[in-house]
Amino acid sequence: MTTATVREDEIGKVMVINANFNLSGNTELRVVFKKPDGTIVEKLKADGVTAPTVPITVCVGDGEETFTANEYFQYSTEAGLLDVTGQWQIHGEYVDGTPKDLSGDVSNFTVLPRE
């Protein structure tokens, strides 16, 4: 994932998660958030999860990395999602009709208080 920290209650924060495999044949995409208290929140294509068809260059750690088209998940946060400060987890999941149901690596990020 490209964001190590976000602020509580941020709306429109674009979360980008590298999948490292082709997502173009999907029937469903999920981004799964795990809050500090263990609560799971799933976001689906109907909620705005996408696998963009263009490459993207993003900051990862101290450098930049280019994610290949169709090989990363993207989701913009909405009101009420980032409602708890602390250490969160996020990962993407891919489903297709073959049937495949694949889960990507888990990344950690921190939600900081809004000051």
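Here the closest non-hydrogen pair linking E8 and P113 is OE1-CA, 4.0 Å. Nearest heavy atom pair, residue P36 against residue T85, reads CG-O, 3.6 Å. Of all non-hydrogen atoms in F33 and M15, the two that sit nearest each other are CE2-CE, 4.1 Å. For L82 against E10, the heavy-atom pair with the smallest separation is CD1-O, 3.9 Å. Here the closest non-hydrogen pair linking A19 and F73 is CB-CE1, 3.7 Å. When all heavy atoms of G104 and H91 are compared, the closest pair comes out as O-CB, 3.8 Å.
Linking Ile, Leu, Val, Met, Phe, Trp and Tyr residues whenever their side-chain heavy atoms come within less than 4.5 Å leaves V41 and L44 in two separate clusters. In the hydrophobic clustering of this structure, I11 does not group with V84; members are Ile, Leu, Val, Met, Phe, Trp, Tyr whose side-chain heavy atoms approach within less than 4.5 Å, directly or through other members. I90 and F21 fall within a single hydrophobic cluster, where Ile, Leu, Val, Met, Phe, Trp and Tyr side chains are chained together by heavy-atom contacts under 4.5 Å.
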Handout entry: T50/L29 under side chain to side chain contact (heavy atoms under 4.5 Å, CB included): CA gap, chis, key distance, verdict
Key = CA-CA 7 Å; T50 63; L29 296 172; 5.5 Å; no
Practice task
Begin from the C-alpha positions of K13 and L81 and carry the test side chain to side chain contact (heavy atoms under 4.5 Å, CB included) through to its verdict.
Solution key: CA-CA 11 Å; K13 185 71 167 189; L81 175 62; over 6 Å; no
Practice task
Verify side chain to side chain contact (heavy atoms under 4.5 Å, CB included) between D9 and D83, making sure each step is shown before the conclusion.
Solution key: CA-CA 5 Å; D9 296 322; D83 60 348; 4.2 Å; yes
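In this structure, the side chain of T77 engages the main chain of G12 through a donor-acceptor pair within 3.5 Å. In this structure a side-chain-to-backbone donor-acceptor pair under 3.5 Å is present from T27 to V95. Of the possible donor and acceptor atoms, none in the side chain of R114 sits under 3.5 Å from a partner among the backbone N and O of R7. A donor-acceptor pair under 3.5 Å links the side-chain atoms of T98 to the main chain of K100, judged by distance alone.
Classification of the F109-W88 ring pair by plane angle, with boundaries at 30° and 60°, yields tilted. By the 30° and 60° cut-offs, the orientation of the rings of F67 relative to Y72 is tilted.
One finds the OG1 atom of T57 at 9.5 Å from the CD atom of E65 (value rounded to the nearest 0.5 Å). Rounding to the nearest 0.5 angstrom, the gap separating the CD1 atom in I40 from the NZ atom in K35 is 10.5 Å. With values rounded to the nearest 0.5 angstrom, I56 atom CD1 is found 11.0 Å from E64 atom CD.
In K34, the NZ atom is not crowded: 12 or fewer heavy atoms of neighbouring residues, nucleotides or ligands sit closer than 6.0 Å. Within a 6.0 Å radius of CG in D101, more than 12 heavy atoms belonging to other residues, nucleotides or ligands are found.
Considering only heavy atoms from C-beta on, T53 comes within 4.5 Å of N70 through its side chain. At least one side-chain heavy atom of E93 sits under 4.5 Å from a side-chain heavy atom of S103. Proximity of T68 to P55: side-chain heavy atoms (C-beta onward) are nowhere separated by under 4.5 Å.
The only member of I17, N26, V31 that meets side-chain contact (heavy atoms from CB on, under 4.5 Å) when paired with V49 is V31.
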